[in-house]
Undergrad: 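Could you have a look at this structure, given as structure tokens, before my questions?
Worth saying up front: this structure is predicted, and the values here are computed from it rather than measured. Below, chain A is the first sequence line, B the second, and so on; all start at residue 1.
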Number of protein chains: 2
Amino acid sequence: MAKMSEHTYRQFDAELEAIRTGVLQMGGLVETQVANALEGLKTGNLGLLDRVIEGDHSINLLEVELADTCTQIIAKRQPTAIDLRLIMTVIKSIADLERIGDEAKKIAKAAKRLHAGDVPFAPRVELGYGAGLALDMLRSSLDSFARADISAVASVKDQDAEVDAYFKGVMRQLITFMMEDPRTITSSLDVLFIAKSIERIGDHAKNIAEYVVFLVQGRDVRYAKSAAAAAESKNTP
Amino acid sequence: MAKMSEHTYRQFDAELEAIRTGVLQMGGLVETQVANALEGLKTGNLGLLDRVIEGDHSINLLEVELADTCTQIIAKRQPTAIDLRLIMTVIKSIADLERIGDEAKKIAKAAKRLHAGDVPFAPRVELGYGAGLALDMLRSSLDSFARADISAVASVKDQDAEVDAYFKGVMRQLITFMMEDPRTITSSLDVLFIAKSIERIGDHAKNIAEYVVFLVQGRDVRYAKSAAAAAESKNTP
């Protein structure tokens, strides 16, 4: 390995700290985007929804910028072990954060359609519970990353199962609405897409939590269950 | 930079070639999964659909394995410039391939529900056109990666716009079906989710094509348009 001077080490540490902070800043922005999209959905504040839609491109650019910084650090510092794992975790996490940003934008667009005025037959479905869960998962996973602490990962996974069940419940309710009154179909589909976005935000937050396990323990746990299931099915005749 | 012997260089080349081949093998598997899911949807071959659903976990494991190999190569070989770009391209591409695999599984699950027998009122919507486009995009993007050739990237982007338009058309048709006969609502939603999956496969294929531009030209073009738009809006008072 290339030898580094004390000075170079300190610079390297500062660079790693900068990408760590970058993830948390990007995470904060994404969290605000999701919260604003949901707030706009609830209140019909079209200006707020427009800001969410316009705000997405800065999140996209932030991902490109951070990924680029990560590549430069690898090329310049030739990191190994935990340093390299941190950089890999950052690259993966910002991809999921970028996709959460996309979902916030989709929610804002659907919310605008629902509040457009010519939609008199919107189904009354409670989305706040699932939205709160997904936002909570996002906060927990970013917090786990910030503290390199995996103690919250199990509860994030439990919440993910809850969000999935919530989505199925919303879908059942929407089907009932649509069957009872076909005039609600178009707006029901928008509500369905919003619920789907909330479910996806939960999925991405769970991914980030699982990257923290990789960061701390050095192993990828995303498909631990499938791996175990695969091993099991091989053992079964 | 660490100095490498002739022998080490040859080993390094072999390792890079192995991950390159790994992406193409994983791509081939994912392509088969998508094609089989669509075939099962068309023919109602439940055994084929079950194989798609079971086959997804080996794709997930392949991603973990390839990502792990990439991390090891970075730690051991400390690659720079084009070698590092190749590894970064591989890491990003396999994440998208894994997600295409997820969509194939979702299509297979929805297809099973549609062919379950107790769904007498399935809407007759043509999905083959969009599915063919998305599969074609996937093949083109893998081919671009294999040849490190960006000449097909523009047409992949055009096809992506076509797939998006196709999805909107399917949705409009489905809304008509549901309004005319509310008994088709449940199965229409399954068809809608399948069309959405096809649209997402197109998105992921487009991502892979754009990573090839990064590989060849060394710049991330995914948000080139948003960057230009952002620069423009800054210039406008």
Undergrad: Any heavy-atom pair between the side chains of B:F214 and A:V64 that's under 4.5 Å?
TA: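 No - every pair of side-chain heavy atoms lies 4.5 Å or more apart.
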Undergrad: Heavy-atom pairs under 4.5 Å with chain A are the metric here; pick the option from B:A75, B:A95, B:S58, B:A81 that has the most.
TA: B:A75
Undergrad: Is it the side chain or the backbone of A:L192 that comes within 4.5 Å of chain B heavy atoms, both, or neither?
TA: side chain
Undergrad: Assess whether side chain to side chain contact (heavy atoms under 4.5 Å, CB included) is satisfied between A:I74 and B:Q78, documenting all intermediate values.
TA: CA-CA 8 Å; A:I74 293 176; B:Q78 307 167 345; over 6 Å; no
Undergrad: In terms of heavy-atom pairs under 4.5 Å, which option from A:R200, A:K196, A:E63 contacts chain B the most?
TA: A:R200
Undergrad: Does any heavy atom of chain B fall under 4.5 Å from the side chain of A:N207, the backbone, both, or neither of them?
TA: side chain
Undergrad: Assess whether a salt bridge exists between A:D96 and B:R99, defined as any Lys/Arg side-chain N lying under 4.0 Å from an Asp/Glu carboxylate O.
TA: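 The answer is yes: the pair qualifies as a salt bridge.
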Undergrad: Can you give me the closest heavy-atom contact between B:L189 and A:I175, atom names plus distance?
TA: CD1-CG1, 3.6 Å
Undergrad: Identify which part of B:M88 has an atom lying under 4.5 Å from any heavy atom of chain A, answering side chain, backbone, both or neither.
TA: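 Only the side chain of B:M88 comes within 4.5 Å of chain A.
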Undergrad: Answer with side chain, backbone, both or neither: which region of A:E54 has an atom nearer than 4.5 Å to a non-hydrogen atom of chain B?
TA: neither
Undergrad: Quick check on B:L174 against chain A: is it the side chain, the backbone, both or neither that has a heavy atom closer than 4.5 Å?
TA: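 Contact with chain A is absent: no heavy atom of B:L174 under 4.5 Å.
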Undergrad: Any chance you could measure A:L84, atom CG, to B:K76, atom NZ, to the nearest 0.5 Å?
TA: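 It comes to 13.5 Å.
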Undergrad: Look up atom OG1 in B:T186 and atom CE in A:M178, then write down how far apart they are to the nearest 0.5 Å.
TA: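 Interatomic distance, B:T186 OG1 to A:M178 CE, rounded to 0.5 Å: 8.0 Å.
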Undergrad: Measuring heavy-atom distances to chain A, does B:E180 have an atom under 4.5 Å in its side chain, in its backbone, in both, or in neither?
TA: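 Contact with chain A involves no heavy atom of B:E180 at all.
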Undergrad: If you take all heavy atoms of B:M179 and A:I185, which pair is closest and at what distance?
TA: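 Here B:M179 and A:I185 meet closest at N-CD1, 3.6 Å.
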Undergrad: What part of B:E65 is in contact with chain A, defined as an atom under 4.5 angstrom from a non-hydrogen atom: side chain, backbone, both or neither?
TA: neither
